[in-house]
Asks: 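The structure is given below, and queries will be raised subsequently.
Just so we're on the same page: letters track the sequence lines, and every chain starts at 1.
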2 protein chains.
Amino acid sequence: MDAPVLNNGPTCSDCPIRHRAVCARCDVDELEQLEKIKYYRSFEAGQTIVWSDDKMDFVGSVVTGIATLTQAMEDGRTQMVGLLLPSDFVGRPGRDGSPYDVVATSDVVMCCFRKRPFEQMMQETPHIAQRLLEMTLDELDAAREWMLVLGRKTAREKIASLLSIIARRDPQQMNAPRPGAVVFDLPLTREAMADYLGLTLETVSRQISALRRDGVIALEGKRHVTVPDMRRLLDEAGDDSDGGHLN
Amino acid sequence: MDAPVLNNGPTCSDCPIRHRAVCARCDVDELEQLEKIKYYRSFEAGQTIVWSDDKMDFVGSVVTGIATLTQAMEDGRTQMVGLLLPSDFVGRPGRDGSPYDVVATSDVVMCCFRKRPFEQMMQETPHIAQRLLEMTLDELDAAREWMLVLGRKTAREKIASLLSIIARRDPQQMNAPRPGAVVFDLPLTREAMADYLGLTLETVSRQISALRRDGVIALEGKRHVTVPDMRRLLDEAGDDSDGGHLN
DNA sequence: CGACTAATTGATACACTTCAAATTCCGTGG
DNA sequence: CCACGGAATTTGAAGTGTATCAATTAGTCG
C-alpha cells in the first residue's frame with residue numbers, strides 16, 4: 001500500500017504549483033525550510049492515498065494528477081465531497097486523520113510534509129497559515145456552491161454544472177476550434193461523476209447522451225468533450241447568465 | 001434596513017461566546033484591542049443581515065440567536081448552505097462581500113468588527129488567524145458532511161439527520177425526561193428545513209409525521225420535539241452506529 | 001373571536017432509480 | 001496489425017420516491 005518515496009524531486013523554485021499551493025506566499029528562505037521537510041510520493045490511478053479515519057503522518061499538495069475526496073455509508077452509498085487538482089492541499093493540521101477517503105483518479109504525484117514539522121512551521125511562518133486559510137475559505141465556498149447543485153438542481157443541470165466546472169479549470173482551452181468553444185478530457189468515469197452528483201451512473205449516461213443529442217456538447221470516444229458554445233452550457237447549468245467568467 | 005448599533009455591550013471577558021468564537025485563543029491584551037474595534041448589532045427574526053454580493057464593511061460573530069446562510073437560483077429554488085449558531089463567524093477576511101444571503105431566523109445579536117482594522121489585526125495576531133483557520137476547517141467538514149446528506153440520503157434519513165444535528169448542539173438536554181432522551185425546540189420552519197434538506201416543505205411535513213407515527217419522535221405543538229431514544233434517531237439518519245457521540 | 005400564516009394531508013404526475021441486456025471501448029497477447 | 005476479453009458505457013422497460021397541485025386543519029397574533 002505504500003507508495004514509493006522520492007527524495008530527489010524538483011526544487012521548489014521550479015515546481016509547477018509553486019504559486020498556487022500552500023507555499024504560494026513563501027519567500028526563498030521559507031521555501032528552503034520547506035525543502036527540508038518535504039518528500040514526494042507517487043500513486044497509481046485507482047490507489048487509495050488516505051483511508052478515512054486512518055492516522056495520517058503527513059499533509060501535502062497534489063503536484064500532478066487528480067484525486068477525489070469520498071465519503072461512504074455502510075450500505076455502500078457513496079458521495080464525493082471534493083475533487084483535488086494540482087496545488088490542492090490534503091490533510092488537516094491539528095487533526096490526526098482525514099474523515100474521507102482520498103483516492104487517486106489518475107496517476108498522482110504528491111508533495112508531502114511530515115506532519116509535526118509542518119505544524120511547527122505553521123506556527124512560525126504566517127505566510128503558510130495565511131495561504132492555508134485562504135485556500136480553506138475557497139474550498140468552503142466551493143463546497144457550498146456544490147450543496148446547491150446537490151440539493152436543488154435537476155440531473156441535466158447537474159451534468160452541465162460538472163462539465164462547466166471541469167471546462168473552466170482545464171488548461172487545455174488553447175486548442176479550441178473557435179473562440180467561445182472549449183475542449184477537454186473528462187477525468188472521471190461515469191460512476192465517479194454519479195458519485196459526485198448524487199445520481200446513478202445510468203442517469204449520468206442518459207443525460208450526457210441527451211446533451212449530445214441537443215448539441216450542447218460533442219463527444220469523441222467516451223472521454224473527449226467539445227463544448228461548441230460555453231454560454232449555452234452555463235445556461236443549461238442553471239447558473240446566472242455567464243457565471244461571472246467566460247474564459 | 002440598518003440595525004441598531006449598540007456600543008455599550010458586555011465586555012469580552014463576560015461574553016457568552018468568549019471561549020468558542022474567533023477570539024477564543026486571545027489573551028487579555030488582545031481582547032483589549034478587539035474591544036476597540038468591536039460593536040454590537042441586533043436583528044429581528046426575519047431580517048436580512050447581509051445580502052448576497054453586497055459589499056460588507058464588517059465581519060463578526062453571532063452572539064445569540066440563529067441565522068442561516070442561503071443561496072438562491074434565479075427561478076427561486078433555494079438552498080440553505082449553513083446554519084449559524086452562537087459563536088459562528090460571518091464574513092470573509094480578504095473578500096468584499098458574501099456570496100450568500102445571511103438571514104436572522106430568530107432575533108440575533110452580532111458582535112461586529114470593522115473589516116479593515118480586523119484584517120489588520122489578523123496579520124499581527126496569530127491567535128486570531130489560527131482560530132479562524134480552525135473554525136473554517138470545521139465548517140468545511142460540516143459542509144462536506146452535509147453533501148452526503150443532500151446527495152445520497154432519503155427524505156426520511158434527511159429529516160432524521162437534521163434532527164440529530166439540532167439535538168446534538170441544543171443545550172437544553174438537561175430537562176430530558178430520562179437518560180438517552182433529548183428534548184428541544186425546532187429553530188426552523190418547515191420551509192427552512194426543506195431548504196436545508198433539498199426537499200419540499202410538504203415532504204418535510206410528511207416525513208416528520210411518519211417519524212412521529214413510528215415513535216421515533218414525539219411532538220407537542222409544531223416545534224417542540226422529544227426524542228425518546230437518541231440511538232434510534234441516529235439509526236434512522238443512516239449514520240454509523242452511534243455517530244461517535246451519544247451525549 | 002376572526003384573519004392570516006404555518007403545517008398537514010390527499011391525489012396525481014413525473015424524474016430518477018432499478019434491474020437487465022446490448023454495445024462500445026481499450027489494453028493485451030497472439 | 002488484428003482478434004479477444006473484460007470493463008465501461010449505453011440503452012431499454014418498469015418501479016418508486018419525491019414533487020406538484022389542491023384542499024383542509026392547526027396555530028398565532030391583533
Asks: Consider the side chain of Glu202(B), meaning its heavy atoms from C-beta on, and name the nucleotide among dC19(C), dA22(D), dC16(C) that approaches it most closely.
Replies: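 Between dC19(C), dA22(D), dC16(C), the one nearest the side chain of Glu202(B) would be dA22(D).
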Asks: Think Ser209(B) has a side-chain N or O under 4.0 angstrom from the OP1 or OP2 of dT9(C)?
Replies: yes
Asks: Does dA7(C) have OP1 or OP2 under 4.0 Å away from a side-chain N or O of Arg223(B)?
Replies: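 Checking Arg223(B) against dA7(C): at least one side-chain N or O falls below 4.0 Å of OP1 or OP2.
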Asks: For the side chain of Gln207(A), starting at C-beta, report the closest nucleotide among dG10(C), dA13(D), dC16(C).
Replies: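 Nearest nucleotide to the side chain: dC16(C).
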Asks: Can you find a side chain N or O atom of Arg156(B) that sits less than 4.0 Å from OP1 or OP2 on dT18(D)?
Replies: no
Asks: Of the listed nucleotides (dT8(C), dT11(D), dC16(C)), which one gets closest to any side-chain atom of Thr154(A)?
Replies: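 Of dT8(C), dT11(D), dC16(C), dC16(C) is nearest to the side chain of Thr154(A).
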Asks: Ignoring backbone atoms, establish whether Thr200(A) has a side-chain N or O less than 4.0 Å from OP1 or OP2 of dC16(C).
Replies: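 No, because none of the side-chain N or O atoms of Thr200(A) sits under 4.0 Å from OP1 or OP2 of dC16(C).
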Asks: With respect to the side chain of Thr203(B), which nucleotide from dT11(D), dT18(D), dT17(C) is positioned closest?
Replies: dT18(D)
Asks: Out of dT10(D), dA7(C), dC16(C), which nucleotide sits closest to the side chain of Leu201(A)?
Replies: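 Taking heavy atoms from C-beta onward, the closest nucleotide is dT10(D).
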Asks: Choosing from dT24(C), dT8(C), dT18(D), which nucleotide comes nearest the side chain of Lys222(B)?
Replies: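 Minimum distance to the Lys222(B) side chain belongs to dT8(C).
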Asks: From NE2 of His224(A) over to P of dA8(D), roughly how many Å is that when rounded to an integer?
Replies: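 From His224(A) NE2 to dA8(D) P: 22 Å.
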Asks: For dT10(D), take OP1 and OP2 only and decide whether either is under 4.0 Å from a side-chain N or O of Arg190(A).
Replies: yes
Asks: Under 4.0 Å, counting only non-hydrogen atoms across every strand here, what does Leu199(B) touch: a base, just sugar-phosphate, or nothing?
Replies: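 Here Leu199(B) touches the backbone only, sparing every base.
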Asks: Any base atoms under 4.0 Å from Ser205(B), or only sugar-phosphate, or nothing? Heavy atoms, all strands.
Replies: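 The residue Ser205(B) makes base contact.
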